[in-house]
Each structure stands twice: as C-alpha cells, then as structure tokens.
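These notes concern the structure reproduced below.
Numbering of residues begins at 1 and proceeds along the displayed sequence.
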Amino acid sequence: MTPSALKKKDISLLNKTLFDLAKPRLILRILVVIIACALWFLVAQWLLKFGARQDYAFLDQFNTQIVSFLNSINKYIWWGVILIGNLILYFVLYSWISNSIQRAGSIVPKPEVTRDLINGLSSDGKNVLAWVWQDQREPITIRVLDQTREQLKGDRVQRLAQVDQQRRLLGITPSAIGNAPLQGKTIPVVSAKEALQRSASPETEAPEQTKARVDALLADVNLQLDAQQEELGGRELVGSEGLKSSATHTLTDSPTQAASEPAKSPEIPTLKP
C-alpha cells in the first residue's frame, strides 16, 4: 500500500476506535441536552402564558402613559426573558459538555482495545503514536489517541521522517533520544487480569521496597558512624592513658634514681708543701 493509503487507513482505524470509546458518553450527553431543552421549552411556554395574562393597571396611579407603554411591549418583555434563559441554558450545557470531554480525555482504554489498535496501525502510525505519547510513565489515554489522529491528519509523518534522516546523518541512534519508534512490532497478548495486576503492582510494592532500602541504608550509615565514634574514642582513651603512664613513670622514676645514685662528696683540694 502507498503511504497515503496507509495514512488514511490509520486515521480510519483511530476514528472507529475513538467513536467506540466515546459512544456511551456521547449518548449520555445527547440525552442530557434533549432533557434540558425539553424542560426549558415547557418552562418557556409557561412563561409566555403567564406574561400574556399580566396587566399593569396597578400603575395607573403613577402614570397612564407608562401603563399603556408596558401593555404594548408586554409580549417582547417576556420573549426577552426567554432569550436570556436560552443564553443561560446554552452556557451551562456548553460548560458541562466541555468538562465532560476534558474528563473523558484522561480515561485509559481497556488493554484489549489498545492492543488491537496498535497492532492495526502501520509503522508510521506507530511512530506518530510514540511521538504523541510523551509521558510514558502513564498508560495511553483517549486524549493521546485523539492527538495522534490530529497529527496524522497533518504532516507529522513527513516531519518524523526528516528527523530520522537527520539523526542518521548525525549518527544519533533513536534509543539515545529516549523515544524510539516501535518499528512495526506487535504488542504481546496480555489478559485484562494480568494487565490490572501489572498496573497495580508498582503502586503497592514500590513504596514498601523503597522504604526498606532507605531503612537498610540508614542502618548501615548509623553502624558506620558508631564504629567511627568508637574508634575515635578508643584512640583518645589510649592517648590519654599513654600520657598519664609516661607522666607517672617520670614522677616515680626520678626519686628512685636520685636515691639509687650515691651522693658524691665534694672533692677537697690537697695542698702540697
């Protein structure tokens, strides 16, 4: 198949996958909009009937011209109220739908859906998906798939081809960049139970293992510090004892030596006649 045909096939596959993923929420939004519009239609009909029965005769004591003027524009007043209500309803529904779409973008599809999608994409489509999927610490979400479709509609495939060509010219391998292309590899079949266990294991085991490693490291550091303190204390004790013993020997030896040595009498000079 030609690159353009592969590109159209990838876009069609993404459209189908996104539509299947968004179908439940799309039905819910349509139902909410229909119910809200129906309720507001009933309220608007009641407001028009209520406004048609209004009479401003109680304002005759102030000014009769005001009463006649309000009676002439009474219908438009209530239509203005309905128009304001329409604007309020529009902005409320628009805000709710926007928030719903934004929340849906963070939803992670089932592993089977993601596996079938990736295996059905061409090598260029996989490269674009890998390029869009920047935060690879988290699984692929609906927002990532939607951005992949938008990038495929543009010229991202040609840009990635230029990047690969320039990398080869510079001698840079894709693995050195940290976002290597998938190169047409298929995704191994993993059951939903295994995928949930794999996704849950890092969140439950990693903190405990990290804490155990930190505790062991701190214990080793404490032992080393205690050993160094004991060694320094022993050296200081030996040094002080050596000084004391040398001083004691000096003090004790000097009297004994003085006592052991005989006293020398002064020599008396002899006079020769």
Side-chain angles (χ1 to χ4, degrees), residues 7-114 116-117 120-121 125 128-129 132-135 138-154 156 192 196 199:
K7 182 177 178 180
K8 292 180 180 179
K9 178 178 174 295
D10 292 338
I11 294 174
S12 176
L13 180 60
L14 285 168
N15 286 333
K16 181 179 180 301
T17 303
L18 288 172
F19 179 75
D20 293 338
L21 292 173
K23 189 184 298 181
R25 285 171 292 277
L26 183 62
I27 294 174
L28 176 63
R29 293 167 193 154
I30 292 174
L31 288 176
V32 170
V33 171
I34 290 175
I35 292 173
C37 292
L39 292 175
W40 173 241
F41 178 78
L42 296 176
V43 173
Q45 291 291 329
W46 179 83
L47 285 175
L48 289 176
K49 293 179 181 179
F50 176 78
R53 296 193 301 269
Q54 293 303 310
D55 187 8
Y56 303 97
F58 64 92
L59 296 176
D60 284 339
Q61 56 183 346
F62 299 104
N63 195 337
T64 57
Q65 294 180 354
I66 294 177
V67 174
S68 60
F69 176 73
L70 291 176
N71 288 328
S72 62
I73 64 171
N74 180 58
K75 180 175 66 174
Y76 303 104
I77 291 174
W78 294 101
W79 274 109
V81 173
I82 292 173
L83 178 60
I84 295 173
N86 289 336
L87 292 176
I88 294 173
L89 178 64
Y90 169 78
F91 285 111
V92 169
L93 291 177
Y94 178 80
S95 177
W96 177 75
I97 292 174
S98 299
N99 293 331
S100 177
I101 294 174
Q102 187 175 3
R103 291 192 303 269
S106 302
I107 296 175
V108 178
K110 294 182 179 179
E112 297 84 359
V113 176
T114 306
D116 295 339
L117 173 64
L121 292 174
V128 174
L129 176 59
V132 173
W133 187 26
Q134 295 290 334
D135 189 6
E138 298 293 335
I140 295 175
T141 59
I142 294 178
R143 184 179 293 107
V144 173
L145 298 180
D146 183 66
Q147 293 176 356
T148 302
R149 179 183 60 180
E150 297 300 326
Q151 293 294 331
L152 282 173
K153 291 180 180 179
R156 182 55 56 188
L196 290 174
S199 61

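Atom NZ of K75 sits in a sparse spot, with 12 or fewer heavy atoms from other residues, nucleotides or ligands closer than 6.0 Å. Heavy-atom contacts from other residues, nucleotides or ligands closer than 6.0 Å to CH2 of W40 number more than 12.
Put simply, CG on D10 and CD on Q151 are 14.0 Å apart, with the number rounded to the nearest 0.5 Å. Annotation: the span from Q147 atom CD to W133 atom CH2 amounts to 14.0 Å, rounded to 0.5 Å. Atoms CG and CD1, on L83 and I88 in that order, are 10.0 Å from each other to the nearest 0.5 Å. For the atom pair CG of L89 and CD1 of I84, the computed distance is 14.0 Å after rounding to the nearest 0.5 Å.
With hydrogens and angles disregarded, no donor-acceptor distance shorter than 3.5 Å links the side chain of W96 to the backbone of S98. Proximity of a side-chain donor or acceptor of D146 to a complementary backbone N or O of I142 within less than 3.5 Å is not detected. A side-chain donor-acceptor contact under 3.5 Å links T148 to the backbone of V144.
Checked against ring pair (Phe, Tyr, Trp, His ring centres under 6.0 Å), F41 has no partners two or more places apart in sequence or in another chain.
You'll find the side chain of D20 stays beyond 4.5 Å of the side chain of V113, heavy atoms only. Side-chain contact between R143 and Q102 is present, with at least one heavy-atom pair separated by less than 4.5 Å.
Applying side-chain contact (heavy atoms from CB on, under 4.5 Å) to L145 and the options V132, T114, L21 leaves one that passes, L21.
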